[in-house]
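Down below is the structure, laid out as structure tokens.
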Amino acid sequence: MAGRLDGRCGLVTGAGSGIGAATARRLRQDGAQVLTADLRGEVDLLLDVTARDAGKALIEAAMARFGRLDFVVPCAGVSAFCPLAGHSDDYFEQVMAVNVTAVFRLIRDAAPHLCASPAGRIVTIGSVTSAFGDAGLVAYGTSKHAVLGMTRALAGELGPHGVTANCVMPGAIDTPMTAPAFAAMPEYRTHWEQKAALGRLGQPEDIADVIAFLLSDDARFVTGQGWMVDGGAMTRM
Ligand SMILES: NC(=O)c1ccc[n+]([C@@H]2O[C@H](COP(=O)([O-])OP(=O)(O)OC[C@H]3O[C@@H](n4cnc5c(N)ncnc54)[C@H](O)[C@@H]3O)[C@@H](O)[C@H]2O)c1
């Protein structure tokens, strides 16, 4: 049976772990060719997305391998709970460097190739903190608001070239990113399980499946949107 992403080629960063790894698996199952990158893990390219030339290196590798670029999914991200008083300049700048600047550079450099594709697609990874706030997440929430704003602006600018841009905004997902907080504060895990209307934490595959939909032709008329994928947690303030 034909896969819904047959013939599509693209990039997933942060693919060594969690949501990015699940996304690369899902996209390949759907027929896409995927170049994966991360600081660590079983990926095609080991690199630091904050390096100034990382985006260019990734795109060159994808063009060398595929000869085209149809989608980018910049999934690499960092998060940790940190009280405001612990937000040093370096901490704030590092969160912004990974979660915002690296995403911007990759998309900017990929844009000409995405515009040349018959179905260029961008899916960024925001968070419920793209729309709401939480204590201990000032830098992270700032970065994820920025990602949603970036995605909306990209949709407006690249839409006339046939490129869609959407932001997936996960709730609490069971990945190595959340594991330390859940281990240190079991009540925090229970809080999120109970807060979700669907009564559980998300799994990386819950997010990967929505990303695959947004990359597919089924989502061809969808752009500039934030997609909250949180099991209904934010329906229960
Ligand atoms: N887990 C959640 O609850 C949750 C919720 C909302 C949003 N998100 C977002 O989803 C995305 C994926 O997170 P995850 O939960 O899968 O976490 P994760 O820690 O499992 O995966 C993140 C990956 O990004 C990589 N990475 C970090 N900095 C990098 C750098 N400088 N260069 C290259 N790679 C780098 C890490 O090595 C890691 O493999 C992130 O953008 C995160 O902010 C996660």
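All values below come from the heavy atoms of this structure, side chains included, with hydrogens, waters and symmetry mates left out. As the structure lists them, so they are numbered: ligands from 1, and atoms in each ligand from 1.
Residue Phe71 shares its hydrophobic cluster (ILVMFWY side chains chained together at separations under 4.5 Å) with Leu5, Val12, Ile19, Leu27, Val34, Val73, Val123, Ile125, Val168, Ile173, Ile207, Val210, Ile211, Phe213, Leu214, Leu215, Val222, Trp227, Val229.
Evaluated by nearest non-hydrogen atom to atom 39 (O) of ligand 1, the leading choice among Leu46, Asn99, Asp38 is Asp38. Proximity annotation for atom 10 (O) of ligand 1: of Val73, Ile125, Leu201, Leu39, Ile125 comes nearest, heavy atoms only.
For Val49, heavy-atom contacts with ligand 1 shorter than 4.0 Å involve the backbone as well as the side chain. Looking at Val78 against ligand 1, only its side chain comes within 4.0 Å, counting heavy atoms. Counting heavy atoms closer than 4.0 Å to ligand 1, residue Ala76 contributes atoms from both its backbone and its side chain.
The distance from ligand 1 to the heavy atoms of Gly14 drops below 4.0 Å at these ligand atoms: 23 (C), 24 (O). When each atom of ligand 1 is checked for a heavy atom of Leu47 under 4.0 Å away, the hits are 32 (N), 33 (C). Under a 4.0 Å criterion applied to the non-hydrogen atoms of Cys75, ligand 1 contributes the atoms 11 (C), 12 (C), 40 (C), 41 (O). Within ligand 1, the atoms closer than 4.0 Å to a non-hydrogen atom of Gly126 are 6 (C), 7 (C), numbered from 1 in the order shown. Of all atoms in ligand 1, listed by their number and element, those nearer than 4.0 Å to a heavy atom of Thr178 are 1 (N), 2 (C), 3 (O). Counting atoms of ligand 1 from 1 in the listed order, those under 4.0 Å from a heavy atom of Ala172 are 3 (O). Listed by atom number, the atoms of ligand 1 under 4.0 Å from Val98 heavy atoms are 28 (N), 31 (N). Under a 4.0 Å criterion applied to the non-hydrogen atoms of Arg40, ligand 1 contributes the atoms 36 (C), 37 (O).
Distance alone, capped at 3.5 Å, is enough to place a donor-acceptor pair between the Lys195 side chain and the Arg236 backbone. In terms of modelled atom types and a separation under 3.5 Å, the side chain of Thr129 and the main chain of Phe132 share no donor-acceptor contact.
Nearest protein heavy-atom neighbour of atom 3 (O) of ligand 1: Ile173 N, 2.8 Å. In terms of protein heavy-atom proximity, atom 18 (P) of ligand 1 is nearest to Ser17 OG, 3.6 Å. Looking only at protein heavy atoms, the nearest one to atom 14 (P) of ligand 1 is Thr175 OG1, 3.6 Å. Of all protein heavy atoms, the one closest to atom 6 (C) of ligand 1 is Pro170 O, 3.4 Å. Looking only at heavy atoms of the protein, atom 4 (C) of ligand 1 is closest to Gly171 O, 3.9 Å. Given atom 8 (N) of ligand 1, the protein heavy atom at minimum distance is Tyr140 OH, 3.4 Å.
Assignment of Lys144 to the shell around ligand 1 is supported, since a heavy atom sits closer than 4.0 Å. Under a 4.0 Å heavy-atom criterion, Pro176 is in contact with ligand 1.
Every N/O-N/O distance between Ser127 and ligand 1 stays at or above 3.5 Å. Residue Ile19 has at least one nitrogen or oxygen atom sitting less than 3.5 Å from a nitrogen or oxygen atom of ligand 1, judged on distance alone. The shortest N or O to N or O distance between Gly16 and ligand 1 is not under 3.5 Å. Annotation: Thr50 places no N or O atom under 3.5 Å from an N or O atom of ligand 1; distance criterion only.
Rounded to the nearest 0.5 angstrom, Leu45 CG and Leu39 CG are separated by 12.0 Å.
Counting heavy atoms from C-beta on, the side chains of Lys144 and Asn99 come closer than 4.5 Å.
Ion pair Arg189/Glu193 flagged as a salt bridge, since at least one NZ, NE, NH1 or NH2 atom sits closer than 4.0 Å to an Asp/Glu carboxylate oxygen. With respect to the salt-bridge test (charged N to carboxylate O, under 4.0 angstrom), the residues Arg68 and Asp70 qualify. Ion pairing between Arg25 and Asp30 fails under the 4.0 Å rule for side-chain N and carboxylate O. At a threshold of 4.0 Å, the pair Arg65-Asp44 counts as salt-bridged, since one of the basic side-chain nitrogens sits closer than that to a carboxylate oxygen.
Within a 6.0 Å radius of CD in Glu42, other residues, nucleotides and ligands contribute 12 heavy atoms or fewer.
Between Tyr188 and Trp192, the ring planes lie perpendicular to each other; the angle is over 60°, past the 30° to 60° tilted range.
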